[in-house]
Structures are given as C-alpha cells and as structure tokens.
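Note that these values count all heavy atoms, side chains included, but never hydrogens, waters or copies made by symmetry. Chain naming here is simple, since letters A, B, ... match the order of the sequence lines and numbering starts at 1 in each.
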Amino acid sequence: MEVGDDLLGRVKILENRFHGEISQVANDQELLRLKACYLGKQGHLAEVLRGLGQMPSEQRPLLGQEANRLKQVIDHSCRDTLKRFEDEKKQKKLAQGVVDLTLPGRSAVLGSAHPLRQTMEEVEDIFLHLGFSIFEGPDVEQDYYNFAALNISANHPARDMQDTFYIDGDFLGGHVGPPLLRTHTSPVQIHVMESHKPPIRMIAPGAVYRRDSDITHTPMFHQVEGLVVDQEVRFSDLQGIVALFLRKFFGKRGVRFRPSYFPFTEPSAEVDLACAACEGKKDKSACRLCSGTGWLEVMGCGMVHPNVLRHVKYNPEKLTGFAFGMGIERMAMLRLGIPDIRLFYENDLRFLRQF
Amino acid sequence: MRVPISWLQEFVPFTMKTGELAHRMTMAGFEIEQILNLAGEEVLEVNITPNRGDCLSIQGMARELAAILRCPTQLPRSQKQRGTLQKIKSLPQFKVKVSAKKECPRYAVLFMDNIAIGPSPVWLQDRLSQVGVRSINNVVDLTNYLLWETGQPLHAFDLDKIRGNIINVRRALPEEKFLDLRGEEHQLSQNDLVVADAEGPMALAGVIGGKDSEVDEGTKRVAIECAFFNPDAVRSTARRLGIATESSYRFSRGVDPSQIEAVLQRITQLILELAGGSPISGYVDISNHSVKNRAISFHPSSIRRLVGTDWKLSEMKQIFQALGFRMAGSGDRWRVTVPAFRRDLSEEIDLVEEVVRLGGIGRIPETFPALKSGQQEVPIDFYEKRKMRRLLAGVGLSEAIHYSFMDPEDLRKFDESLLTKAVTLANPLGLADSILRPSLLPTLLKTVAYHHHHKILDVRLYEWRKVFQRHDGDISVPSRVGTIEEPEMIALALSGRSLFHHWSGKGEVNFYELKGVVERLLSGMGVKNPSMTRTEQSFLHPGKSATLSVDGMNIGFFGELHPEVAAHFDLRHNIYLGELSWAGLKGHMRQDRSFRPYSMFPWVERDLSILVDQGVTSGALQKAILQAGLGLVQEVELFDVYQGDKIPVGKKSLAFAVRLGRNDRTLNDSQVTEMYDKMVSILTQQFNAEIR
C-alpha cells in the first residue's frame with residue numbers, strides 16, 4: 001500500500017473517530033478540549049499533515065483537500081454543539097423563573113368616582129356635545145326661586161308633591177320667607193334666565209331634597225334639569241332632544257311621550273322608556289321592573305309655562321322654550337341594575353368598587 | 001284614585017278591553033298605574049294630576065273618558081228629575097248661618113227625619129271596598145258613595161246632637177279646641193274654618209267631622225251638609241294640622257259648586273231607598289257664589305308655533321266639543337268658552353295642551369331646535385374638578401356620597417366648636433337628620449366605622465360635597481341678615497393596610513401615606529410650595545397631624561384621628577383623615593404650565609448618610625443640601641431613616657441619594673468630590689451632623 005492511500009485513510013478514520021467522540025461530549029469545556037485535540041498544533045489533523053512531505057506530489061492536493069474538509073466538518077460540528085449547549089443553558093435559566101400566573105398582581109389600587117357622579121358626568125357629556133351650557137345653583141334656596149317663579153303659588157296643590165325642608169332661623173331677610181332646601185333643580189332655570197338673554201340652552205345638575213324617606217325615596221337625591229329658550233322652539237324640538245339623549249344614554253330603546261302635568265310647563269309630558277326586561281315579550285304582566293306596563297318612567301318635560309317666562313321678564317309672545325328634568329338615581333339604577341336607591345347612600349366599598 | 005270599571009260603565013257605554021282602555025286613558029294624561037281585581041271586578045288605579053280636581057270622581061272620570069273616546073255620557077237619572085226636593089229659605093226654630101262668607105261661598109244643608117241607621121247592602125259595601133273606603137253604616141256610606149260618584153264631599157251630622165239649634169260656618173276662635181271623629185284633639189287657630197253649633201266646632205270645614213256630632217246606631221234625624229269651601233282655606237287647615245282626608249283632598253283641588261242641588265237630590269233618593277226616613281221641609285242653600293264660565297281666546301295657528309305639527313281645524317273643533325267647550329269666532333281668532341269646573345283652564349296654552357292631549361301626542365314628530373348661539377358656558381372650575389376627581393381615583397380613593405343632613409350628637413362628639421356653624425332644619429325627618437353638615441368628616445368617619453363593623457378594615461374613601469355654614473346676622477342692623485354659605489370640601493379617610501400592601505411586601509397605612517396622598521393631589525393640580533405646620537384641630541392626634549397652607553392661607557388639614565375621638569365613634573383601628581377646601585386649592589392652582597428643560601447628560605449619584613440629633617427635620621437637611629449644591633443638585637431623595645440601638649440614644653440617621661449634574665455637560669470626578677465635601681462641611685457646621 002502507498003503512503004498517500006494510507007494518509008487519506010487516516011483522515012477518514014479521524015473523521016469517524018471525531019463523530020464518535022463529539023457525541024459523548026457533555027459540556028462546553030469538554031468540547032473545547034476535543035476541538036483542540038483534533039485541530040490544535042499538536043492535534044490529530046496536524047499529525048496527519050506532517051506526513052504530507054512523504055507523499056507523491058500528485059496526491060498532495062487531494063490530501064490537502066481532504067484535510068481541509070475534515071477541518072471544516074469539525075469546526076461546524078463544534079460550533080453547532082456549542083450553540084446547542086448555550087441554548088440548553090438559556091432554556092434551563094428561563095425554566096427557573098416561571099411565575100404562578102394565579103398569584104395576585106401588584107399595582108396601585110385605583111379608586112373610583114361614586115356611581116351617581118359617573119352617571120351625572122355621562123349625562124353632562126351628552127348635553128355638552130349637543131351644545132348645552134352647564135349652570136349650578138345653591139342648595140339653600142328662597143321660596144320665590146323654588147316655587148313662586150315656577151308658577152307654584154303658596155297654596156298650589158303641587159306643593160303636596162314636593163314636601164319641603166325649611167331652614168330654622170332668620171336668614172335672607174324676612175320679606176322672602178324662610179330659606180328652604182330646593183326640592184328640584186328648576187330654580188337654576190330662573191337664576192339663569194334672570195342673568196342671561198336668550199337664546200338659552202343649558203342643563204343644571206345638582207342635589208335636591210324632599211321630606212320623604214322610604215324604600216323608593218331618599219330625602220336627598222340628584223337631578224339634572226334642562227332648559228332651552230329661544231324664538232320658535234317647539235314641543236317637537238323637545239321630543240327630538242329628549243329622545244336623542246335617551247338613545248345615547250340607554251342605547252336604542254323605545255321612547256314615548258305621555259301627557260302629564262307640571263306647574264312650570266305646559267303642555268307637559270312624562271317620558272317613558274321601553275322596559276328592557278320585557279321588551280319584545282308577549283306576556284309583560286309578570287314583569288316586576290315595569291309592573292307589567294312595558295314602560296319605565298324616566299323623565300318629565302314640557303314647554304315652559306308662559307307665567308314662568310313672565311316672571312323673568314321674557315315675552316311669551318316672542319319666546320318659547322322647553323324644560324326637562326330627570327332623577328340621576330333612577331337613571332343609574334336602570335342603567336346599572338341597582339335594585340335599591342338606598343344603596344347609593346350606604347357607601348359600602350363593596351358597592352362603590354363595582355363601578 | 002280607584003275607578004271600578006262597572007261604575008264607570010254606568011255613565012259611559014264602552015265595550016273595549018280594559019287593557020286598551022288603560023292605554024287610551026294613559027295617553028290622554030290619566031296614567032293607569034295598575035289594573036286591580038277587587039270584589040270580583042276590574043278596578044283601575046288612576047293617577048290624577050293635581051290640576052284635574054274635576055276628575056276626582058267616577059262621574060268626572062266618565063266625562064273625561066267620553067271626551068277621549070268621543071262618545072256621549074249618561075248622567076244619573078235623579079239629576080234629570082229635578083224638583084222633588086224643595087229649596088227653602090229657613091227652617092222653623094233652626095238657624096243655618098254662614099259668618100265666613102269668603103271661605104264658604106256656598107253652604108247647603110238637608111234635614112231628614114225617621115232615619116233607620118243600619119248596615120249597608122252588599123253592593124254598596126263592595127263599591128266602597130273597591131275604592132278603598134271602610135263601610136260604617138248606611139247613611140255615612142251613602143255620603144262616601146256620593147263623594148266618589150260626584151266628587152262632592154258630604155257630611156252627615158246627627159241633628160239631635162247639634163246644640164242650640166244652629167249651624168254656623170265661621171272661623172275658629174282663639175284657643176278653641178276640636179275633637180275629630182278619629183278621637184284626636186286639635187288646637188285650632190283663627191285661620192281655621194269650622195262648622196259650629198251654639199257651643200263649639202262640630203267639624204273642621206271640608207276636612208273632618210267631629211266626635212260629638214257623629215252619626216251612630218242611635219241616630220234618628222240627620223243634617224247632611226253639601227258645601228263649597230274655599231280650596232285655600234281647606235288646604236291650609238289640612239296642612240297645618242296634618243290631616244289628609246278624601247274630603248280635604250277634593251276641596252283643596254276645587255269641587256264643582258254647580259252640582260250641589262243635583263247631589264242633594266240624589267242622596268235624598270238613596271237615603272229613602274236604603275235608610276227610610278223623610279225629608280224635613282226641604283233644604284237650605286246659602287249662596288254667595290255665582291258660576292261664571294270663562295272665555296279664552298285661541299289662535300289655531302299657535303298649535304304649529306308651539307307644538308311643531310298641525311291638526312285640522314275640524315279636528316280641533318271636535319276635541320273642544322267633546323270636552324264641552326263652546327266656540328265662537330272664525331279664521332285664526334276663536335273664542336272658546338270652557339265649563340266652570342275646568343279650573344285648570346285660563347289661557348291659550350291650556351287649550352293647546354287639550355289639543356295635544358286628546359289629539360294624540362304620538363302625532364308630534366321629533367325635530368331639533370336651531371343652534372343659534374355658539375356660546376357654551378360651563379362653571380369656571382368644571383374641568384379642574386374633573387381632573388381632581390381623576391387624581392383622587394388615582395391615589396386609590398373611592399368616592400362616597402352621604403346625605404347633607406347629620407346628627408348634632410355626632411358633631412358634638414367630633415368637634416363641639418363646629419356646632420355654632422351648623423344650619424338647623426325647622427322640620428327635619430328626625431333628630432338624627434336635623435342639621436346640615438358643617439363638616440364632611442363625622443359622617444365619613446361613621447362610614448369608616450360601618451366598614452370596620454363589617455370586618456372590612458382596608459378603607460380608602462373620599463367625599464367631595466358642599467358643607468353648609470351659618471353666619472348669623474346682626475338683629476340690630478336690618479341690612480345685616482344672616483347668610484348660609486355652601487363651600488365645597490374634599491374629605492379624605494384612610495385605614496387598614498397600605499395602598500402598597502401586597503403578598504410580596506406588607507405595610508399599614510400611616511401618616512406618611514396620607515401625606516403622600518395629599519402631596520400627590522396638590523402637585524397634580526399644580527399647587528406649588530404647600531407648607532405644613534403642626535395643627536390645632538382638636539379631633540386630630542397632636543403629634544401626627546398637619547395644617548396645610550399656601551401663601552399663608554390655610555387650605556386644609558390632615559392627620560391621624562385623635563384616639564379619644566376614635567373611641568367616641570367606636571373605632572379601634574388607626575384612622576387617617578383630611579379635609580381640603582376646594583376654594584383654597586382652586587385659588588392656588590398654577591395655570592401656566594410650560595416646558596422646563598432637563599439635562600441631556602447622565603447625572604452622578606452620591607449617597608449621604610447623616611447622623612443628627614432627633615430634633616433635626618429631614619426637610620431642613622434637604623434644604624441645606626440643595627443650597628450647598630449651588631444649582632448642581634438635580635434631585636435629592638431620602639431613602640432611609642434609622643433610629644435604634646445601632647446608633648447613640650437621641651440620634652437618628654438619615655440617608656439621602658444626591659444626584660448631581662449640569663444641563664450643558666457631564667460633571668467630572670473632581671467637581672463631584674468638591675461638591676460632596678462642601679455639602680458635608682455645611683451639614684456638619686449647621687446641624688452638628690456626623691457623616692457615616
């Protein structure tokens with residue numbers, strides 16, 4: 001056998017031996033050692049190449065090629081194995097930091113506005129988008145603003161509808177009578193009309209008080225009052241604004257206007273919203289939400305009574321207007337499914353944090 | 001008001017189903033709240049608005065229903081057969097007198113003899129039970145029956161119990177007393193109208209009868225009163241004495257005096273049928289009243305102007321005719337004469353309402369008013385308030401809303417000095433709700449206690465409402481009347497575990513957490529340089545509380561609840577409270593928010609650990625560090641405070657991270673060291689500090 005064949009054969013043997021040994025390597029240090037063993041200056045491959053000089057010259061390139069090929073094989077193989085080791089190490093490290101997905105997260109606890117406040121702000125926003133202004137008034141009012149200017153005279157039967165809290169003591173001077181806690185937000189209408197020229201397009205949110213306390217009434221509650229006064233304002237405009245508001249607030253639901261009575265508006269109407277619990281059902285009689293009528297009363301409204309306009313020295317022959325009012329508690333109860341009005345004033349955190 | 005269907009059908013012939021009837025009435029302004037089934041019959045529960053006193057009877061309701069359905073009514077037969085009962089001027093040996101003519105425009109009384117008092121027949125008892133009236137005896141039941149049927153209240157006196165053979169309608173005398181038929185005694189005033197005999201009041205006119213003249217089993221002769229009392233007179237007495245009866249309800253809304261004669265005819269007939277007897281002579285009728293029908297001018301074109309849709313002239317005429325109105329005039333100028341019993345109609349708008357009500361409100365379209373003004377006004381602090389609320393939620397507080405009322409006892413337990421500011425109600429629901437809150441804190445504290453009693457110890461609440469504060473006037477100076485102010489306050493309450501409490505690290509709420517909340521709120525609203533000094537609020541812990549001020553103006557306070565006050569409110573855990581004045585905050589908000597440049601170069605951080613006497617405050621040290629830094633200190637952060645056995649008694653150790661830098665370049669080592677040494681020497685000199 002010739003020297004050249006022998007050397008080529010040794011390259012082959014080296015290659016096989018390498019493949020056998022690398023499969024046994026357990027870590028990156030062993031790998032580096034193995035690599036040095038084959039490719040180092042004193043390594044196996046160098047040893048084979050030292051026999052190059054004894055080869056016939058025509059065979060030398062072949063051996064060179066084979067040796068180079070083996071060197072590349074070893075390089076690649078080592079690099080791949082090293083990468084495998086590194087990947088395994090990373091995987092192992094990542095596997096150590098696994099969290100319990102069910103443990104509670106840590107963050108600053110957020111508070112929240114009261115559901116009545118949230119409802120109030122939502123109502124305000126809808127009307128702000130419709131170009132309405134917002135005005136506020138005092139909770140302690142004079143008889144004139146709460147009643148007389150709103151066409152409710154001293155012995156008007158409608159005073160029974162709104163039993164009033166009066167303040168003890170001499171305030172505001174004797175000629176205007178004892179101050180009272182306003183029974184509705186309507187006095188704000190009068191204050192605004194006294195200080196502003198038409199056109200008026202406003203709402204007045206706020207707390208109101210009635211001497212009434214039972215399952216469905218709290219002695220303090222909240223209202224939003226609306227007023228539009230201008231030339232050529234009509235009942236149909238009132239219906240447009242009120243229905244648009246209700247559809248924005250409650251979503252697409254049936255709305256109906258039903259003739260009613262308020263001293264400060266005429267014609268007056270109650271606004272009913274189709275009952276969500278039984279809308280579309282054939283038998284409504286069992287519905288507890290709407291007492292089987294299919295409708296829920298949500299607002300009162302009407303055209304501003306000419307006497308109210310006269311009180312603020314507006315000419316009812318030239319100006320017309322409409323007013324509407326709603327109870328925020330009722331809106332919030334219907335919207336959020338709150339069963340009892342008294343929950344709003346208990347202020348239990350388990351209630352407050354739901355909204 | 002309850003309306004039995006069969007009773008209604010005696011006057012209006014209708015055959016439609018009750019559900020349909022209810023809908024038609026509801027959409028014409030008579031809301032049917034419920035359809036009841038009573039004594040085997042359907043009964044409507046009708047909500048009658050206060051303006052429609054004329055509909056507080058079956059006949060009134062029938063008249064209205066006939067107009068709604070555009071069909072004729074059938075009046076009771078006795079009203080068509082007039083003349084069986086004679087009107088007489090007076091009775092022999094008995095006097096009927098009206099002294100208070102203004103309060104009693106018409107007073108009629110019928111006398112009957114040989115009455116047999118007994119139980120009512122079943123039909124009558126059923127009718128009364130359907131409308132919710134208790135059966136008493138045949139004569140009393142018939143007066144009630146006619147009240148429901150006609151809306152005219154009647155009252156039966158036992159004629160033999162009337163002393164001195166006189167009935168006088170007069171004002172009550174000073175100090176006069178009256179015992180009503182329920183057995184309650186009332187102290188009368190001179191404004192009250194009474195029906196009296198020779199010795200005293202037998203009835204509060206139009207309100208309630210008296211015990212002494214009541215009809216009972218022994219009654220043989222009766223006097224039946226059928227009157228028209230002034231609505232305001234009845235209303236004011238009923239209100240003042242707190243008596244609400246079916247009679248006072250109707251009189252105060254106005255009854256129809258024109259039917260008095262017909263009602264007397266009918267009750268005579270019914271008593272003859274059910275209780276025997278015979279009328280004595282006839283009836284006395286004293287009238288100072290004349291019925292005038294009102295004429296109202298009406299322009300059909302007003303409908304379009306006010307309502308936004310049209311009805312045909314013929315439709316409007318039909319509606320008015322159905323309501324019993326008479327029309328004159330032509331074109332756009334009508335004169336509409338309305339019946340006297342329609343007290344609610346006095347001007348054109350009232351007629352417009354009738355057209356809408358009976359013409360069908362559902363015909364009116366939805367339109368939109370023209371937006372002619374570009375001006376939109378909101379309260380001056382509207383958006384600041386919304387921002388503040390976001391901050392309050394951001395620091396973990398939930399908003400509470402309490403009634404504006406409170407118990408004076410709670411205020412006394414909290415801070416007695418506030419009582420002088422409190423506004424008192426003249427007619428509270430009870431003592432526990434008898435004053436308006438001059439401070440939000442006591443009620444908020446009670447809500448904290450509520451949570452503790454429910455074993456919820458972690459409480460973070462705020463309330464932002466008006467408080468009510470009284471400023472008494474000077475009686476000797478007429479122009480200086482007392483005033484009531486309504487400033488807005490923001491009250492804070494914390495208890496239990498820290499906001500930062502977590503399974504990965506524990507902690508309780510403390511003074512510094514509340515201070516952090518307050519600081520966050522102030523900085524969020526742009527309130528600059530608030531100063532905190534020890535407070536003198538009696539309800540706060542003297543060593544763990546602060547008054548907050550800006551530019552020398554107090555804007556609030558906060559701190560730990562005084563343990564004694566906590567005990568008053570039955571609170572066993574530490575509570576931290578604060579109250580901020582919204583006006584105070586608002587007045588110091590920085591409006592000019594503008595960009596401030598910051599350094600592009602990294603800062604150098606050095607720790608300063610300082611040992612000082614316990615009395616030295618962190619704030620003073622921090623101020624000194626900033627001053628020593630000559631503008632090169634970008635941030636100072638306190639990161640540790642230590643007091644304990646590793647350092648001498650009476651000393652404490654504070655550790656600050658000081659971050660040094662310049663906006664235009666990086667500081668080099670020697671500059672930093674020079675600065676650090678300077679700080680150390682200043683701290684050593686000023687505070688006798690030891691650098692550790």
Side-chain angles (χ1 to χ4, degrees), chain A residues 103-104 106 108-114 116-117 131 133-134 136 138-140 155 157-158 160-161 165-173 178-179 199 207 211 213 219-220 228 230 233-237 239-241 243 257-261 266-267 269 291 303 306 320 344-345 347 349 352-353, chain B residues 26-29 49-51 232 235-236 252-253 306-309 349 352-353 356-357 361 364-369 371-373 376-379 382 389 392-394 396-404 423-427 429 447 451 456 459-460 466 481-484 486 499 502-504:
Chain A
L103 275 174
R106 180 170 63 192
V109 179
L110 281 181
S112 58
H114 194 283
L116 289 175
R117 178 84 66 194
S133 293
I134 295 180
E136 289 166 350
D139 291 21
V140 176
N155 267 319
D160 286 349
M161 296 158 87
F165 285 112
Y166 288 92
I167 305 289
D168 200 18
D170 179 32
F171 296 101
L172 312 164
R211 222 173 153 278
S213 185
M220 180 182 96
V228 172
D230 198 355
V233 173
R234 303 155 301 172
F235 196 91
S236 55
D237 297 326
Q239 291 199 345
I241 290 286
F257 291 79
R258 167 165 58 76
S260 189
Y261 168 77
E266 188 165 17
S291 327
M303 299 301 289
T320 54
F344 289 118
Y345 296 98
N347 296 302
L349 279 163
L352 298 177
R353 285 186 179 146
Chain B
T26 296
M27 293 311 287
T49 53
N51 57 326
D232 290 350
R235 156 171 301 276
S236 64
S252 48
R253 281 162 171 73
L306 288 158
V307 180
T309 191
I349 193 72
V352 170
E353 180 174 56
V356 169
R357 202 166 61 78
I361 196 169
I364 304 171
E366 285 177 18
T367 58
F368 290 96
L371 183 60
K372 289 182 203 151
S373 162
Q376 188 175 30
E377 254 186 82
V378 295
F382 185 78
R389 281 197 196 99
L392 286 158
L397 300 171
S398 295
E399 186 187 17
I401 297 180
H402 297 94
Y403 295 146
S404 300
V423 175
T424 309
L425 290 178
N427 58 339
L429 283 171
T447 294
H451 284 94
I456 299 166
V459 181
R460 304 179 69 85
K466 288 174 176 176
V481 294
T483 55
I484 294 167
E486 306 180 9
L499 182 60
H502 190 246
W503 52 267
S504 62

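Of the possible donor and acceptor atoms, none in the side chain of Gln239(A) sits under 3.5 Å from a partner among the backbone N and O of Thr367(B). Using modelled atom types, one side-chain atom of Arg211(A) and one backbone atom of Asn427(B) make a donor-acceptor pair closer than 3.5 Å. For the pair His402(B) (side chain) and Tyr345(A) (backbone), a donor-acceptor distance under 3.5 Å is absent. Between the Glu353(B) side chain and the Pro267(A) main chain, no donor and acceptor come within less than 3.5 Å of each other. In terms of modelled atom types and a separation under 3.5 Å, the side chain of Ser236(A) and the main chain of Glu366(B) share no donor-acceptor contact. Between the side chain of Asn347(A) and the backbone N or O of Ile401(B) there is at least one donor-acceptor pair closer than 3.5 Å.
For the pair Ile364(B)/Phe257(A), no side-chain contact is recorded, criterion being any heavy-atom separation below 4.5 Å from C-beta on. Side-chain contact between Ile167(A) and Leu425(B): present, with at least one pair of heavy atoms (C-beta onward) separated by less than 4.5 Å. Counting only heavy atoms from C-beta outward, the side chains of Arg234(A) and Val307(B) never approach each other to under 4.5 Å. Side-chain contact check for Pro379(B) versus Ile134(A): some heavy-atom pair is nearer than 4.5 Å. Using a 4.5 Å cut-off on side-chain heavy atoms (C-beta onward), Leu349(A) and Val459(B) make contact.
Of the listed residues (Val228(A), Asp139(A), Leu110(A), Val109(A)), the greatest number of heavy-atom pairs within a distance under 4.5 Å of chain B belongs to Asp139(A). Counting heavy-atom pairs under 4.5 Å between each of Glu136(A), Arg258(A), Glu266(A), Met220(A) and chain B puts Glu266(A) at the top. Interface remark: of the candidates Ala393(B), Gly394(B), Ser236(B), Ser404(B), Ala393(B) forms the most heavy-atom pairs closer than 4.5 Å to chain A. For the set Ala400(B), Gly396(B), Pro369(B), the count of heavy-atom pairs under 4.5 angstrom toward chain A peaks at Pro369(B).
Looking at Ser112(A), both its backbone and its side chain come within 4.5 Å of chain B, counting heavy atoms on both sides. Only the side chain of Arg389(B) has a heavy atom closer than 4.5 Å to any heavy atom of chain A. At a 4.5 Å heavy-atom cutoff, the contact between Glu486(B) and chain A is made by side-chain atoms alone. Looking at Leu352(A), the atoms closer than 4.5 Å to chain B (heavy atoms on both sides) all sit in the side chain, from C-beta outward. With a 4.5 Å cut-off on non-hydrogen atoms, Asp230(A) touches chain B through its side chain but not through its backbone. Looking at Pro104(A), both its backbone and its side chain come within 4.5 Å of chain B, counting heavy atoms on both sides. Contact of Ala28(B) with chain A is made through the backbone alone, with heavy-atom distances under 4.5 Å.
Annotation for Pro259(A) and Arg357(B): closest pair CB-CG, 3.8 Å, computed over non-hydrogen atoms. Between Glu399(B) and His114(A), the shortest heavy-atom contact is OE1-N, 2.8 Å.
Rounding to the nearest 0.5 Å places CZ of Phe368(B) at 9.0 Å from CG of Asp237(A). Expressed to the nearest 0.5 Å, how far OH of Tyr403(B) lies from OG of Ser213(A) amounts to 5.5 Å.
The residue from Val352(B), Thr309(B), Ile361(B) that alone fulfils the side chain to side chain contact (heavy atoms under 4.5 Å, CB included) condition with Phe235(A) is Ile361(B).
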